[in-house]
Amino acid sequence: MDTPVQFVKGVGPRLGAVLASREIRTVRELLTFFPRSYEDRSTLVTVSQLQEGVAASVALQVVSSRLIPIRKFGRTLLQVRAADSTGSIGLKWFHVPRGMESRFKVGAHFIATGTPKTFQGGFEINHPEINWGKSADASGPAETAANSENVGRVVPVYTELEGVPTRTFRKILWEAIQKYITQVNEDLPDELLKKHGLPALGKAIRYIHFPESKDFPETSADFSIENLIQFRTPAHSRLVYEEFFKFEYLVLRQKLKMEKQAAPRIGLSGGREAVSELIRAMPFRLTGDQKKTVDEILEDLGKPHPMNRLVQGDVGSGKTAVALLTAGCAIAEGGQVALMAPTEILAEQHYQNCLKLFGSKIRCELLLGKSSASDRAALLPRLAAGEPLILIGTHALLEDPVVFKNLTLVMIDEQHRFGVEQRRTLRKKGANPDPNNPGKWVLPHILVLTATPIPRTLALTAYGDLSVSSIQEMPPGRSPIITKVVRGEARKEALFKIKEQLSQGRQAYFIYPLVKESEAEGFTELKAATVEAERLQKEIFPEFKVGLLHGQMKADEKAKVMADFKSGKSQILVSTTVVEVGVDVPNATIMVIEHAERFGLSQLHQLRGRVGRGTHQSYCFLLAPLRGGELTNQRLEVLEETSDGFRIAEADLEIRGPGEFLGTRQAGGLPFRLANLVRDREWLLKARDDAQELLIQDPDLTSAKHARLRSYFERDGKTQFERLRTS
Ligand code: ADP
Ligand code: MG
């Protein structure tokens, strides 16, 4: 299995290099390069049975062939006439592969596969796939074609890598399977395979590449081409289950491992009382979910192991208050706390919030990239000396000169915006040698916050090593936002409504996907924020003041624009998605999002959360093209129907996959080749339960029946594991 892929027949140096660049280096890796789809070529048709637009394979004999130079383009065209006993068709190549024409000798047999179209009263196929030497003679077409990787069967369709066609993959996989499939070793314990009625690995792999229903006579499973295409055969399930199972084992083991590390216990000597006092002094009462979350956190902090908790709740659900109360607990016992946010606007807002909610009761400092040298010179020694405080900031917190003496709690806001490395760097600043356990470390507690609710399936996988608290209940006094998807003529009505609101003293956000017209090719028709801000100011809202905010502005310019909007100096804020996180202007009641179809639903939901923060009725207008082919466009209506962030997140996962939620979290996303979190949810849950059970029974895989699994993790598991670590 570890044989280099070059030893497979048909893999030359060039193909070998392409494969290597896609991490297909060994036979094992080649065998798990699975088809993305299938084509049913199990029966051949005759020329008389061909139908316009319906892909088919037909066995033919060459009648004539000629190369036609096309002077205008300096190229040649290959035209072949071929026939069976029922009629003849034309075949045409506009790019002629080298040596191709010489093979079409009159009378030569071959099978052509492609989609026929009507041409000059007959059928013609452009660029058909050709299989030589297969004839439609007396013994019957399908039979002569059998035992080939390209015809007479359901054939796999592979993703083309750097110009390597699916046909080449078919050929080398066919070779690799003939030669190596018997060497495929099983990793999963027999018990589990039996429990779920899953086939052996070698058999499953062969079937996935070259399906033949006779491989599975024992099951009554449905082997229709539809099921194959949807990856729902027992062979596919077997691989899906295995991927999930191995993954879950690692994630859950990581969780167990964290639970064994040491951390300072917090809250047992005055911290909890301090929190109660802070809560009493706050200008509002905590919601039930906020209270519950604070309790869950305090419970974790009191344990001698590091907390690793995620707090998820919609924009405006009050996560900051929860985080700051947690900080209060640590500080009361002499600890230091770091709160890292992805943008300066957001960091500053947390800082202001802290002053507003707790005044001088919590000692709070701010560190940004733009902080002056003198501010730093004043701050850094206090950190190094161990002064109990919360330091709020951006990536600036990660810089080397920022040294804490006693960092016991690390908090990260909008954590999906940071990479694993950045979170590790921050955590390291709080790691200290364990005085009771030479060679071991005491780690800080970690709290991460996110406004993008994580669908349950992802919570079980990518975030499986985190404990999760959910804040679903919103603070009182928030009225639901009226949301409308606006297309075509409806824009006029929307503008009318916006004007009406502005005249009543309210304010509005206008959000655009890109800053400059030409920023990305293919997006040039998108309205750019800069151009649009001007247009809105001059043509549409001359009586109001329009501010502009985008990612390429300097921090102080941004701060000024924000301050003007907050104080009401400007009534309209045109922006790219920088306002996505954190901005709090209760008087803003209108959110307009241009090209809403370009955004993920969760992102739109977050943007919408910028309004509806005051006592006035708020509105959200999602502007979309009249006819949009994109899936997202059709699903915008979900936002009209619900303000439940969790439902929206689920819909998003279904439409756009997990990328939206993972962000930069794992460089390559989730390491699944076949498994799909939405489609295979059922198998995920089974795998999770089984992995949990295994970690209870035999956590280190020492029993004989788990030897295969253990050697798998020793061999491959480590690399996978590194990719998975969340902290
Ligand atoms: P999030 O970070 O979850 O988006 P914030 O913590 O910024 O939300 O809270 C949004 C606003 O709601 C802030 O102005 C905050 O002071 C206020 N707030 C938080 N909790 C409550 C509550 N229980 N009652 C009233 N207002 C609250
Ligand atoms: Mg927040």
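First listed ligand is number 1; within each ligand, the first listed atom is number 1.
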Q: Among Thr293, Thr326, Asp300, find the residue that satisfies the side-chain hydrogen bond (donor to acceptor under 3.5 Å, both in side chains) test when tested with Arg309.
A: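 Filter result, single survivor: Asp300.
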
**Q.** Worked check of side-chain hydrogen bond (donor to acceptor under 3.5 Å, both in side chains) between Gln603 and His605
**A.** CA-CA 5 Å; Gln603 205 184 356; His605 177 61; over 6 Å; no

Any idea which atoms of ligand 1 are less than 4.0 Å away from a heavy-atom of [X]?
{"X": "Leu286", "result": "23 (N)"}
{"X": "Thr320", "result": "2 (O), 5 (P), 6 (O), 7 (O)"}
{"X": "Arg285", "result": "22 (C), 23 (N), 24 (N)"}
{"X": "Thr287", "result": "23 (N)"}

(Q) Regarding ligand 1, does Pro476 bring an N or O atom to under 3.5 Å of one of the ligand's N or O atoms? (A)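 No: no nitrogen or oxygen of Pro476 is under 3.5 Å from one in ligand 1.
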
Q) More than 12 heavy atoms of other residues, nucleotides or ligands under 6.0 Å from CD of Glu557: is that the case? A)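 For Glu557, atom CD is crowded (more than 12 foreign heavy atoms under 6.0 Å).
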
(Q) Can you confirm whether Asp400 is buried at CG, in the sense that more than 12 heavy atoms of other residues, nucleotides or ligands lie under 6.0 Å from that atom? (A)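 Open.
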
Q.
Please give me the minimum heavy-atom distance between Val402 and Lys429, naming the atom from each residue.
A. O-NZ, 2.8 Å

Report yes or no: does a heavy atom of [X] sit under 4.0 Å from some atom of ligand 1?
{"X": "Asp314", "answer": "yes"}
{"X": "Lys356", "answer": "yes"}
{"X": "Ser317", "answer": "yes"}

Q: Scan Ile593, Leu573, Leu549 and name whichever one has a side-chain contact (heavy atoms from CB on, under 4.5 Å) with Ile511.
A: Ile593

**Q.** Residues Thr450, Gln312; criterion side-chain hydrogen bond (donor to acceptor under 3.5 Å, both in side chains); working and verdict
**A.** CA-CA 5 Å; Thr450 182; Gln312 53 177 353; over 6 Å; no

Q) atom 9 (O) of ligand 1: which of Gly318, Gly609, Pro475, Ala341 has the nearest heavy atom? A) Gly318

